[in-house]
Structure formats: structure tokens, C-alpha cells
Amino acid sequence: MPFKAPRGTVDIMPVEQGYWRYVEGVAAQVCRLYGYQRIDTPIFEETSLFARSVGESTDIVEKEMYSFQDRGGGGLTLRPEGTAAICRAYLEHGMHNLPQPVRLHYLGPIFRYERPQAGRYRQHQQLGCEAIGEQDAAVDVEIVNLAWRFLHRLGLGNLVLYLNSVGCPRCRPGYLVVLKDHYEPHLASLCPECRTRFHRNPLRLLDCKKDSCQPVADGAPPMLDYLCDSCAPHFQVVREGLEMLGIPFQSNHRLVRGLDYYTKTVFEIQPGGGGAQSTIAGGGRYDGLIEELGGRPTPGVGFATGIERIILNLKSQGVALPNPHASPIFVAYLGEAARRDALKLLEDLRQGGIAAVSAFGDRSLKAQLRQANALGVSHTLILGEEELKTGTVLLRTMAQGKQERVPREAVLSVAREGSLPLRGD
RNA sequence: GUGGGCGUAGCCUAGUGGUUUAAGGCGCCAGGUUGUGGCCCUGGAGAUCGAGGGUUCAAAUCCCUCCGUCCACCCCA
């Protein structure tokens with residue numbers, strides 16, 4: 001095997017495409033319903049955009065970015081997440097002049113240099129939605145709601161929504177002092193990672209899954225008790241909004257996220273079974289991000305979902321795909337004269353909007369039918385010398401093994417009347 | 001970056017030192033006489049046994065290194 005797909009990447013084979021078309025279709029539909037317009041940003045951006053937004057001390061920036069120099073010498077990076085680029089585009093195109101909030105969604109590849117494992121790839125697809133320019137907590141509710149409805153409309157069930165607030169620059173510093181005070185006496189019993197976190201990124205202490213750190217983390221004072229007079233009511237409105245919409249959630253004071261830009265609301269959605277790499281959607285508010293990127297203070301809130309993980313769950317939950325694609329018609333021919341006419345027939349069918357394929361080369365009728373069967377086609381058109389003479393074709397219905405002779409020029413209308421499958425896509 | 005499992009044809013698997021010129025199943029191609037698939041039968045193509053090095057008279061089989069893959073940690077979608 002001379003070449004293989006690079007580590008952590010996969011080919012999405014034709015048999016998988018049904019899932020992808022389905023998820024993309026539902027995404028487009030739901031985004032339209034909620035008024036989130038599509039935007040496509042470049043696959044790569046200036047490296048500093050991500051360093052600035054995601055946070056210098058995050059894992060993503062420290063060790064997971066695909067960065068490179070282009071021939072002009074500039075530092076570029078394959079996007080490791082979606083929000084930063086959306087905010088950049090918001091600024092670049094003066095979208096603050098549009099009615100606020102600006103609702104956008106994107107769908108495309110994300111790149112992170114990580115060790116691959118179940119549900120984790122170096123290139124994967126994310127669908128993300130962002131609402132920029134409105135600080136009302138009702139927008140947080142809309143975003144969570146959108147994520148929740150999207151996953152449910154796909155047919156996923158047994159999902160758990162975790163919710164928290166990580167405060168803002170006004171209240172978080174005070175909380176971190178309290179948090180460190182809580183951890184300080186237990187430093188010796190913590191895992192090595194947590195001892196590092198204590199100094200570098202204390203909020204992440206709460207995220208540790210090591211057994212040794214659980215008691216200390218569980219006993220930590222909740223951020224919610226230290227929210228300021230802006231964040232506390234904001235969170236309350238979010239909770240009430242979700243309750244009003246009938247969206248169940250679990251408040252989880254240990255939910256923090258690995259990107260530095262989050263403020264106030266953060267949330268994750270996981271399948272009930274739990275397990276590693278289980279988060280299928282995550283997001284939150286990022287009120288300081290646009291300003292950090294050089295814009296005027298502008299609030300924002302959004303989420304992203306991983307399509308591969310969604311599909312993993314669609315499969316494990318046995319969600320059936322609607323519209324299994326209509327099979328094409330197979331055209332079989334016998335002899336050189338019929339071959340030429342078959343090519344014409346093939347094209348007539350296709351021009352008429354009917355999917356059609358044939359075998360090529362000098363194959364026996366038996367071989368051609370064998371192939372038609374293997375392809376799972378519903379109908380086969382057979383053209384031989386007899387048919388050429390009489391200006392007809394044989395229409396064979398594969399499942400019944402029955403066939404009828406129809407006039408050559410009637411083939412298209414027979415197909416249109418519905419006895420032959422019209423091509424879906 | 002750390003730890004563990006695994007790497008034999010497109011896919012699944014047998015073979016753990018000489019009976020292997022590497023076997024079987026699926027799939028693919030062809031045939032089973034005149035222009036007819038699905039079942040069955042027969043035949044065929046297809047493998048540098050992940051790569052490199054070493055031990056040995058002899059290696060898919062033992063040792064080392066590397067690579068890949070899967071799972072877990074970390075982190076995240």
C-alpha cells in the first residue's frame with residue numbers, strides 16, 4: 001500500500017455519504033428555521049488570529065495547530081475551531097452595521113494535531129452557529145435551543161445537556177482566588193496535571209477526571225455562587241428560558257471549557273451513555289472575543305457540533321435514514337450495433353432526468369445482468385438485435401424477474417409515469 | 001506527548017520456526033453451449049505476510065527499531 005490517508009484522517013466512502021447528506025440537510029433546514037445564514041470562511045487563517053482568540057495557554061494553541069509558513073513568509077494555520085474566523089469575518093465585513101444579532105452558521109473541516117481515537121480525528125467536520133452582537137440572555141437560550149433541536153430532529157435521543165456559567169472578567173478573578181484557596185491545602189494529593197493547572201489555568205482544575213482529584217473538585221465552591229450582578233441574573237434568565245422551552249438540563253458547576261474566550265454561559269451536550277469523547281455539541285458565550293480581535297466591545301454566543309460524532313451516535317442509536325437513494329436504471333446491450341444504440345439510450349435517459357448506468361466492454365448479457373443485480377438496480381433495459389429491428393427495448397423488473405417489450409420512444413414516458421424510479425440525488 | 005491491544009489479498013480470518021510454490025470465506029472476473037441476474041457448481045485474477053534490520057541451515061512465525069491502526073489518558077466536536 002504505497003499511500004495511505006494521513007494519520008487521523010479518513011475517506012468518507014460512498015456508502016457513508018447517506019449519513020452526511022442527511023446531517024447536512026437537517027442542519028441547513030434547522031438553521032434556516034432559526035434564521036442562521038450560512039457563511040464559509042477560509043480553511044486557514046493567520047496563526048495569530050487563533051493564538052489571540054482561543055488563548056495562548058490552551059492545548060489547542062500550544063500543541064494542536066497545523067501551522068505553516070506560506071511563500072510570503074506569513075504564519076498561517078489550518079483552522080482548529082470555527083468561532084474565531086467567524087468573528088474575524090464579522091469585523092472585516094462590518095457586520096455590526098447589520099441588524100443585531102447577526103446569526104451565522106458554518107459547516108466545514110476543522111484541523112487539530114491530536115492522537116486519533118474513537119470519535120476524534122485530525123481533520124473532522126463541524127457545524128457551528130453563532131449569534132453576534134446581542135448580549136440578551138435570550139440569545140443564549142436560542143443557541144442552546146438550536147443545538148438541542150438540531151440533534152433531536154436528526155433522530156438522536158437520550159441526550160443530556162450540561163449547563164454552567166464561567167462568569168466574566170469582573171467576577172471570575174475573584175472566584176479563582178476562592179478556588180485556589182480551596183485547592184491550596186490539597187495540592188500534595190492532586191495529580192501532576194492539576195498541580196500545573198493550579199498555577200497556569202486554575203479553572204481547568206474542575207475539569208480533571210482523575211480519581212485522586214475528584215473529592216477536591218467535587219467539594220470546590222461553585223462558580224455560580226460568585227457570579228457578579230451581571231452574570232448571575234443572566235444565568236438565571238438562561239435557566240428560566242430553557243425551562244420555559246421544556247429543555248431539560250443539568251447544572252454542572254465543574255463544566256468549564258478548554259478555550260479561553262468563553263464568558264458567562266457554557267454548555268455541552270452528550271449522549272446519555274457517557275464514555276470517552278462523548279461530547280457531540282459544545283459552546284457558550286464569548287463577550288470579550290470581538291474586542292480581543294480589535295473590534296468594539298461586542299457580545300457573542302454560539303456552539304459547534306462534530307459531524308463524525310453525530311454520525312457515530314446515529315449509528316449506535318440505530319437511527320434510520322430517510323430517502324434511501326433511488327437506484328439507477330441499468331442498460332444492457334448485445335452486439336456492436338446495439339451497443340451504439342444503448343449509448344444513445346443511456347444519454348436520453350439521463351437527459352430526461354432518469355439515472356442510468358451500463359456496463360461497458362464486451363460482456364455477455366449474463367454478465368451484464370449479474371452486474372445489474374449486484375448494483376441493486378430496480379430495472380434493466382435490454383437492447384439486442386431483435387430490439388433494434390423492432391424499435392423496442394425490453395424492460396426488466398429485477399425484483400420480479402419479469403420483463404415487457406416497450407417501444408423505444410416510449411421508454412422515457414414509461415419512466416416518467418412512475419414505473420421507473422426518478423433519480424433522487 | 002504517555003500507556004496498552006493489533007498489523008497475513010479490497011474486506012474478514014487460518015497459520016506462532018521447516019508438511020506454505022502462504023490457506024479459507026466474502027467480494028471481483030469468467031464459464032456452466034444459442035440473448036437473461038439473484039441460489040448452486042467450476043475456474044481465474046488478486047498478498048513485496050506493515051517496513052527495515054538481526055538470529056537461524058531455515059522466519060508470516062523469534063528478537064530489535066520504525067511506521068501505521070485501534071483503545072485509553074490529556075483535551076475537545
Side-chain angles (χ1 to χ4, degrees), chain A residues 1-10 13 15 23 54-55 57-64 80-83 107-128 147 151 191-194 196-197 201 204 207-211 255-259 266 268-271 275-283 302-313 330 332-335 338 359 361-388 394-403:
Chain A
M1 201 69 58
F3 290 106
K4 292 180 180 173
R7 183 165 206 197
T9 67
V10 291
M13 300 300 286
V15 291
V23 174
V54 174
S57 70
T58 58
D59 280 13
I60 289 178
V61 171
E62 278 190 342
K63 53 187 191 192
E64 296 179 359
E81 62 101 42
T83 303
L107 177 62
I110 298 289
F111 304 85
R112 287 183 204 159
Y113 186 86
E114 302 177 90
R115 286 281 286 265
Q117 69 182 82
R120 195 173 72 187
Y121 308 92
R122 289 184 171 182
Q123 175 180 345
H124 73 277
Q125 299 273 330
Q126 285 188 8
L127 164 73
L151 296 172
C191 69
E193 291 81 23
C194 277
T196 309
R197 291 187 183 113
N201 198 340
R204 300 211 57 82
D207 205 27
C208 187
K209 281 111 189 163
K210 287 270 189 334
D211 288 344
L255 173 64
V256 297
R257 312 215 66 236
L259 289 71
V266 293
E268 286 185 7
I269 298 175
Q270 299 182 10
Q277 312 307 328
S278 54
T279 298
I280 56 177
F303 76 91
T305 65
I307 308 297
E308 285 81 356
R309 288 188 187 174
I310 285 175
I311 290 175
L312 235 41
N313 281 277
F330 194 90
Y333 58 84
L334 280 131
D362 194 21
R363 296 177 147 194
S364 66
L365 181 59
K366 181 197 194 89
Q368 292 182 70
L369 280 169
R370 187 146 49 198
Q371 182 169 117
N373 183 63
L375 289 172
V377 307
S378 59
H379 298 271
T380 298
L381 293 173
I382 301 169
L383 265 175
E385 284 182 30
E386 182 66 28
E387 286 66 40
L388 286 187
L394 289 179
L395 169 59
R396 182 175 181 82
T397 304
M398 299 304 280
Q400 281 79 38
K402 289 183 178 158
Q403 56 196 34

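- Comparing B:A58 with B:G18, their C1' atoms are spaced 6 Å from each other, to the whole Å.
- The gap from the P atom of B:U16 to that of B:G7 amounts to 14 Å, rounded to the nearest Å.
- Taking atom P on both B:A30 and B:G37, the two are 13 Å apart, rounded to the nearest angstrom.
- Within the nucleic acid shown, A:G8 comes within 4.0 Å of sugar-phosphate atoms alone, with no base atom in reach, counting heavy atoms only.
- B:C11 and B:A47 are spaced 13 Å apart, taking the P atom of each and rounding to whole Å.
- Nucleotides B:G46 and B:C57 place their C1' atoms 33 Å apart, quoted to the nearest Å.
- When heavy atoms are screened at a 4.0 angstrom cut-off, A:E387 is found touching base atoms of the nucleic acid.
- If you check every strand for non-hydrogen atoms under 4.0 Å, A:I382 touches a base.
- Residue-level contact check: A:E114 touches the bases, meaning some heavy atom is under 4.0 Å from a base atom.
- The residue A:T380 sits apart from the nucleic acid: no heavy atom pair falls under 4.0 Å.
- Using a 4.0 Å heavy-atom cutoff across all strands shown, A:Q403 reaches at least one base atom of the nucleic acid.
- A:A372 comes within 4.0 angstrom of nothing in the nucleic acid, heavy atoms only.
- Separating the P atom of B:C71 from that of B:A23 is a span of 32 Å, rounded to the nearest Å.
- Within 4.0 Å (heavy atoms only), A:G335 reaches no atom of the nucleic acid at all.
- Using the Watson-Crick or G-U wobble rule with both distances under 3.5 Å, B:C73 pairs with B:G1.
- Comparing the P positions of B:G4 and B:U21 gives a spacing of 36 Å, expressed to the nearest Å.
- When the nucleotides B:A77, B:U36, B:C74 are ranked by their closest atom to the side chain of A:Q117, B:C74 comes out on top.
- Scanning atom types as modelled, one donor and one acceptor separated by under 3.5 angstrom connect the side chain of A:R112 and the base of B:A77.
- Using atom C1' as the reference point in both B:U61 and B:G15, the two lie 9 Å apart (nearest Å).
- With a 3.5 Å ceiling on both atom-pair distances, B:G27 lacks any Watson-Crick or G-U wobble partner.
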Might you work through the side-chain contact (heavy atoms from CB on, under 4.5 Å) test for A:R7 and A:R115, ending with a clear yes or no?
CA-CA 9 Å; A:R7 183 165 206 197; A:R115 286 281 286 265; 3.6 Å; yes

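- At the heavy-atom level, A:E81 lies nowhere under 4.0 Å from the strands shown.
- Figure legend. B:C6 is base-paired to B:G68; pairs are counted as Watson-Crick or G-U wobble with both atom distances under 3.5 Å.
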